[in-house]
Amino acid sequence: MDGEMPLMDGIAATRRIREHECARGLVKTPIVVATAHALPQDRASSLRAGLDGDLVSPYSLGELEGVLMRWLSPEAAEETGRR
């Protein structure tokens, strides 16, 4: 998720997605924000909104790979109910 989108930022978009999932009993989709906001309160706000993690810009290929491996692994799929 892009943290700084024009009409709706990543926090607001994530809240809407989570509301949609909850209202329909859907499995939670992992959402990670890419952002330049690196302060602890920014991260806390992201997590409260329902984001599953963050990548603070500039991030390395290794950091991106770590996030992808975390959320695309068979264990994560089992944890979130995705197959």
- Query: Does R24 have any side-chain hydrogen bond (donor to acceptor under 3.5 Å, both in side chains) partners at least two apart in sequence or in another chain, and if so, which?
  - Reply: H20

- Taking all non-hydrogen atoms of both residues into account, name the closest pair between I31 and T14 and its distance. CG2-OG1, 3.8 Å

- To the nearest 0.5 angstrom, please state how far the SG atom of C22 sits from the NZ atom of K28. 11.5 Å

- Message: Please check: side-chain N/O of D9 versus main-chain N/O of I11, any donor-acceptor pairing under 3.5 Å?
- Response: yes

- Message: Taking side-chain hydrogen bond (donor to acceptor under 3.5 Å, both in side chains) as the definition, give me every residue that meets it alongside R18, ordered by chain and number, with sequence neighbours left out.
- Response: E21, D52

- Query: Got a sec, which residues hit side-chain hydrogen bond (donor to acceptor under 3.5 Å, both in side chains) with D42, two or more places apart in sequence or on another chain?
  - Reply: none

- Item | Same apolar cluster (I L V M F W Y, side chains within < 4.5 Å links), W71/L68 | yes

- Message: Using side-chain heavy atoms (C-beta onward) and a distance below 4.5 Å, is I17 in contact with M1?
- Response: yes

- Least distance between heavy atoms, S46 atom then V33 atom: OG-CG1, 4.1 Å

- Out of curiosity, does V32 fall in the hydrophobic cluster containing L47 (side-chain heavy atoms, cut-off under 4.5 Å, transitive links)? no

- Spell out, as yes or no, whether a donor-acceptor pair under 3.5 Å connects the side chain of S45 to the backbone of Q41. no

